[in-house]
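Let me begin by presenting the structure, written as structure tokens, before commenting on it.
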Amino acid sequence: FISKAASIFSGEWFGSYNQNTRIKGGAYPLFLAVNRLIGLPITLSQALLFCGAVMFIGYACRRLGLNWILALICVALIMFQPALFPVRITRENIYSSLMLISLASFIFQTTSVATKARIFYSVLSGVAFAFFLYTREEGLWFIPSAILLISFSVWRSPVNVCLKSRVSGALASLSGLFLIVGGVSLLNFSYYGVNSLVDFKSKEFRLTLDTLNSIDIGSDTHFVPVSK
């Protein structure tokens, strides 16, 4: 991750291609490169991102109708959950933060009346969700959750928000998502000639894996005598 971040910072994307270049998601190297521009210690940046995400989800709970006491309890429970608190320099430290930002943005999108606010939170949720997907090599099992959240945002919108505004908010979320995914894919194609996010999802990798798994080695033979 650090070598990839150094390549990004020097304007070379992920650097020269090898077996490790696109084996993992690139969101964390991007975070490290941005942190290099800011100049803060990486552990402090991770902690600040996590604290901001937790406060954001706490404020979102208020928008859902929880009183301040219950919202603060939710913030405290998430903030001091040991599994989520960032203490190491690993990509999992921004994974939970991006998830919380994406979820809170969806909540704000569903409860906002002003069109500009709905569009802003919609794009933010899509962008955060895109980086969330690009942090780890997750599969398509995220897609049903995204469809469910977008459908809920259309249905749960305030009654004084017209259908056109609800649909535009959902489209803005998808636009933010595909903006990041498309941009990363375009850069990968420009530097490496492939438009997938990671090698695990490339057609060639899946074909090779299927070929290896299709080899028939026959049935096991038990109790074979072996001489000394």
Side-chain angles (χ1 to χ4, degrees), residues 1-57 78-106 123-143 145-146 149 173 176-202 205-206:
F1 294 123
I2 294 177
S3 61
K4 290 181 182 179
S7 297
I8 294 173
F9 189 76
S10 61
E12 301 175 356
W13 195 221
F14 292 142
S16 58
Y17 185 82
N18 56 49
Q19 71 274 15
N20 296 320
T21 302
R22 299 189 333 112
I23 200 68
K24 294 183 181 293
Y28 193 60
L30 288 169
F31 177 78
L32 294 176
V34 172
N35 184 75
R36 172 66 177 81
L37 290 174
I38 298 174
L40 293 177
I42 183 59
T43 51
L44 177 59
S45 297
Q46 291 177 162
L48 290 175
L49 178 64
F50 180 70
C51 291
V54 173
M55 296 303 295
F56 193 21
I57 197 68
I78 300 175
M79 185 78 73
F80 298 103
Q81 214 285 345
L84 299 180
F85 195 76
V87 294
R88 299 174 58 195
I89 305 178
T90 61
R91 58 180 177 171
E92 282 73 16
N93 289 328
I94 67 171
Y95 199 54
S96 55
S97 300
L98 292 171
M99 177 192 66
L100 293 174
I101 293 173
S102 180
L103 179 59
S105 300
F106 268 112
V123 174
L124 178 61
S125 65
V127 170
F129 191 68
F131 280 111
F132 175 71
L133 290 176
Y134 195 41
T135 302
R136 291 171 54 91
E137 304 75 52
E138 308 295 359
L140 293 177
W141 64 277
F142 274 119
I143 303 302
S145 300
L149 286 173
S173 296
L177 172 64
F178 288 114
L179 176 66
I180 302 301
V181 173
V184 170
S185 298
L186 184 61
L187 285 170
N188 283 336
F189 183 79
S190 176
Y191 279 86
Y192 310 118
V194 289
N195 57 6
S196 59
L197 296 180
V198 292
D199 283 336
F200 285 123
K201 298 180 181 180
S202 65
F205 180 86
R206 294 197 301 267

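The figures that follow rest on heavy atoms only: side chains count, while hydrogens, waters and symmetry mates do not. Start at 1 with the first residue, then count along the sequence.
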What is the distance from atom [atom1] of [X] to atom [atom2] of [Y], rounded to the nearest 0.5 Å?
| X | Y | atom1 | atom2 | answer |
| --- | --- | --- | --- | --- |
| E92 | Q46 | CD | CD | 10.5 Å |
| S102 | L133 | OG | CG | 8.5 Å |
| T135 | F31 | OG1 | CZ | 10.0 Å |
| I57 | M99 | CD1 | CE | 8.0 Å |
| L100 | F50 | CG | CZ | 6.5 Å |

(request) Over all heavy atoms of both residues, which pair between S97 and L49 is shortest? Give the atoms and the distance, please. (result) CB-CG, 3.8 Å
(request) Return the minimal non-hydrogen interatomic distance between M79 and V54, and the atom names on each side. (result) CE-CG1, 3.8 Å
(request) Verify the ring-centre separation between F132 and Y95: is it less than 6.0 angstrom? (result) yes
(request) List for me each residue that meets side chain to side chain contact (heavy atoms under 4.5 Å, CB included) alongside L40, sequence neighbours excluded, and say none if there are none. (result) N35, I38, L44, S45, L48
(message) Going by side chain to side chain contact (heavy atoms under 4.5 Å, CB included), name the residues that satisfy it together with F56, two or more places apart in sequence or in a different chain.
(response) I101, A104, S105, F108, Y121, L124
(request) Please report the C-alpha distance between L177 and V127 in whole Å, then the side-chain angles of each, then the deciding distance to 0.1 Å, and finally whether the side-chain contact (heavy atoms from CB on, under 4.5 Å) criterion is met. (result) CA-CA 5 Å; L177 172 64; V127 170; over 6 Å; no
(request) Check step by step if side-chain contact (heavy atoms from CB on, under 4.5 Å) holds for F9 and L37. (result) CA-CA 8 Å; F9 189 76; L37 290 174; 3.3 Å; yes
(request) Return yes when atom CZ of R91 has more than 12 non-hydrogen atoms of other residues, nucleotides or ligands closer than 6.0 Å, and no otherwise. (result) yes
(message) Does any part of the side chain of L30, heavy atoms only, come nearer than 4.5 Å to the side chain of F131, both counted from C-beta?
(response) yes
(message) Are the side chains of I8 and F14 in contact, using a 4.5 Å heavy-atom criterion?
(response) yes
(request) Please answer whether the main-chain N or O of V181 pairs with a side-chain N or O of S185 as donor and acceptor at a distance below 3.5 Å. (result) yes
(request) Without swapping roles, check the side chain of S10 against the backbone of A6 for a donor-acceptor pair under 3.5 Å. (result) yes
(message) For V184 and W13: C-alpha separation, side-chain torsions, deciding distance, then whether side-chain contact (heavy atoms from CB on, under 4.5 Å) applies.
(response) CA-CA 10 Å; V184 170; W13 195 221; 4.2 Å; yes
(message) Tell me every residue that passes ring pair (Phe, Tyr, Trp, His ring centres under 6.0 Å) with Y17, counting only those two or more places apart in sequence or in another chain.
(response) Y192
(message) Suppose we screen for ring pair (Phe, Tyr, Trp, His ring centres under 6.0 Å). Which residues come up paired with Y28, at least two apart in sequence or across chains?
(response) F1
(message) Just to verify, what does S125 make a side-chain hydrogen bond (donor to acceptor under 3.5 Å, both in side chains) with, not counting sequence neighbours?
(response) S173
(request) Under the side-chain hydrogen bond (donor to acceptor under 3.5 Å, both in side chains) rule, collect the residues that match up with S7, sequence neighbours excluded. (result) none
(message) Between N188 and R22, is the side-chain contact (heavy atoms from CB on, under 4.5 Å) condition met? List the steps.
(response) CA-CA 9 Å; N188 283 336; R22 299 189 333 112; 3.5 Å; yes
